[in-house]
Each structure stands twice: as structure tokens, then as C-alpha cells.
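These numbers come from a predicted model, not from an experiment. In listed order, ligands and their atoms are each counted from 1.
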Amino acid sequence: MPETVVVGNWKMNTNLGQALELAAGIGNQLKNMTGVQVVLCPPFPFLSSVGGALRGSAVRLGAQNMHWEDSGAFTGEVAAQMLQGLCEYVILGHSERRQLFGETDELINRKIRAALSHGLRPILCVGETLDERESGKAKTVVAEQVRRGLADIVDITSLAVAYEPVWAIGSGLAATPEIAAEVMSEGILEVLRELYADAGSEVPLLYGGSVNPSNIGEFAAQTSIHGALVGGASLQVSQFVQIVNLALAAKSPPAS
Ligand code: PGA
């Protein structure tokens with residue numbers, strides 16, 4: 001059974017003061033959390049300070065993006081080796097990167113390879129648009145994104161995959177747990193198993209898209225969903241902490 005993982009993606013939000021306050025609030029409340037990996041992904045400039053605020057807490061740190069080259073003339077970009085030692089995880093291929101910044105599966109694949117070669121844990125994001133869903137292509141689109149994103153990658157032990165239907169992100173319109181679970185088991189898990197055999201079943205699969213304290217329990221109750229990638233609700237300490245606790249409760253019901 002893959003580990004339970006809950007990631008907060010702050011996107012381009014917070015100032016330094018707010019970032020520190022959020023990190024301290026979440027870090028304190030989830031300080032001794034076990035049974036779930038909690039990861040906060042602040043904007044680049046706050047990684048170091050947020051890392052400081054999380055010291056002594058079980059909460060981990062992640063970046064929201066990175067470049068695939070190690071160094072060079074890439075104004076404004078950040079390399080994997082710059083993140084190494086600063087954070088453990090990196091979100092790659094988020095639909096906002098794909099849609100607003102033209103990232104292709106091929107670029108995302110290069111980024112995943114760079115992340116792995118620098119010991120970072122990539123969270124590969126995949127998901128279909130509304131048009132693709134309405135024309136019945138959700139599973140094939142997602143399966144292709146997984147295949148291309150992982151092309152020529154042999155070792156996936158530190159990978160997580162997030163299924164985020166584009167139409168569900170920031171819209172308040174979460175997928176139903178059944179829809180998400182179906183795409184995740186047939187569009188993602190099946191491909192991972194085909195490519196990596198048993199190792200494919202060990203990859204944590206996260207659902208993302210309008211996750212909140214009211215719906216996380218139902219998502220996490222699905223066997224093919226091992227956690228969540230949370231945007232908006234990760235910007236409020238109490239909502240995010242509730243999501244983590246409810247995800248953990250759904251994944252590990254108390255022994256009777
Ligand atoms: P949301 O964002 O929770 O605000 O829908 C999720 C994401 O984009 O990772």
C-alpha cells in the first residue's frame with residue numbers, strides 16, 4: 001500500500017509574513033504527525049524561510065516547479081541542484097504550467113529526470129480538460145500524459161502522481177470520488193503497473209481539484225486514492241490541517 005501524502009500547493013500566493021504564519025500554524029499542529037507525509041509547496045523565494053519555520057516538525061517542503069537543466073542562460077529559472085538540500089519534493093507538470101506556460105509532456109519528462117537525478121521527489125500532475133472529458137477521452141489523455149511524462153525513466157520509487165482534472169482546479173467543482181477513482185485506477189495505475197510491474201502499485205496517487213474538508217474523506221476512502229494535492233484550501237491553517245487529519249482517518253480507520 002503506498003504511503004498517504006497530502007500536499008499544499010500555495011501557487012503564487014502569500015507574502016513572506018503570511019507564508020511564515022501559515023507554515024508555523026500548520027507545522028505546529030502537525031508537528032508529530034505520523035502515517036501521512038504532509039508537504040508544503042510555497043513560492044520559490046519563501047522556500048528557505050518556510051523550511052526554517054518547519055524545522056523540528058514532520059511537515060516536509062516542496063517546490064512548485066523547476067527547470068530541467070543544471071545551470072546556464074535560463075533567465076528566471078531554478079535548477080534541481082538549487083533545490084537539492086532546500087526541499088524534498090517538486091510539483092511537475094501542473095496543469096497551470098501546461099496551459100499557461102506551454103509545458104509539454106516532453107519537457108515535463110526532462111524535468112522529472114532532472115529531479116530524480118538530484119534526489120528530489122517529483123509529483124507528476126496529469127489531468128484532462130473539460131472538452132476531453134466530454135468527448136470521452138479522459139482516461140486515454142491521462143494515460144498518455146503518464147506514459148510520456150515517464151518515458152525512459154526506470155526507477156520510480158520516489159515518484160507520486162497527482163490526478164487533477166483541469167475543470168476541477170480552483171472551480172469549486174470537484175470530480176466525484178467515483179470519477180476520480182476510475183481515472184486513477186484505469187488511466188494511471190494500470191499504466192504504472194504495465195510499465196513498472198509491482199513498483200507501479202507503490203506510487204502514491206493523489207487527487208487534486210477543489211479538495212476541501214467536506215470532500216476529502218470520500219476521496220481518501222477510495223482504494224486507488226492515497227492522498228491529495230490541495231490548492232486554495234491549503235492557504236488556511238485550519239482547513240489544511242482538517243484535510244490532513246481526515247485523509248489519514250480515511251486511510252487508516254481505527255482498529256475495531
Ligand atoms: P484547488 O487547486 O485545490 O484550488 O482546486 C489544486 C491545484 O491546482 O493543485
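The residues Arg147 and Asp105 are annotated as not salt-bridged, no charged nitrogen and carboxylate oxygen being separated by less than 4.0 angstrom. Salt-bridge check for Lys139 with Glu182: passed, with a basic side-chain N closer than 4.0 Å to an acidic carboxylate O. A salt bridge is absent between Lys137 and Glu128: the closest approach of a Lys/Arg side-chain nitrogen to an acidic carboxylate oxygen does not fall below 4.0 angstrom. Ion pairing of Glu88 with Arg121 is absent here, as no side-chain N (NZ or NE/NH1/NH2) approaches a carboxylate O to less than 4.0 Å. Salt bridge present: Glu103 and Lys111 bring a charged side-chain N and a carboxylate O closer than 4.0 Å.
For ligand 1, the atoms sitting less than 4.0 Å from at least one non-hydrogen atom of Lys11 are 2 (O), 7 (C), 8 (O), numbered in the order shown with element in parentheses. For ligand 1, the atoms closer than 4.0 angstrom to any heavy atom of Gly209 are 5 (O). Of all atoms in ligand 1, numbered sequentially from 1 with element shown, those under 4.0 Å from a heavy atom of His94 are 7 (C), 8 (O), 9 (O). Residue Asn9 approaches ligand 1 through these ligand atoms, each under 4.0 Å from one of its heavy atoms: 9 (O).
Closest to atom 3 (O) of ligand 1 among all protein heavy atoms lies Gly231 N, 2.9 Å. Nearest protein heavy-atom neighbour of atom 9 (O) of ligand 1: Glu164 OE2, 2.7 Å. The protein heavy-atom contact nearest to atom 4 (O) of ligand 1 is Gly232 N, 2.9 Å.
At under 3.5 Å, a nitrogen or oxygen of Gly170, whether backbone or side chain, sits near a nitrogen or oxygen of ligand 1.
Under a hydrophobic clustering in which Ile, Leu, Val, Met, Phe, Trp and Tyr are joined whenever their side-chain heavy atoms come within less than 4.5 Å, directly or via other members, Val5 and Ile225 fall into different clusters.
Residue contact check for ligand 1: Ala233 places no non-hydrogen atom closer than 4.0 Å to it.
With hydrogens and angles left out, the side-chain atoms of Gln84 and His118 include a donor and acceptor closer than 3.5 Å.
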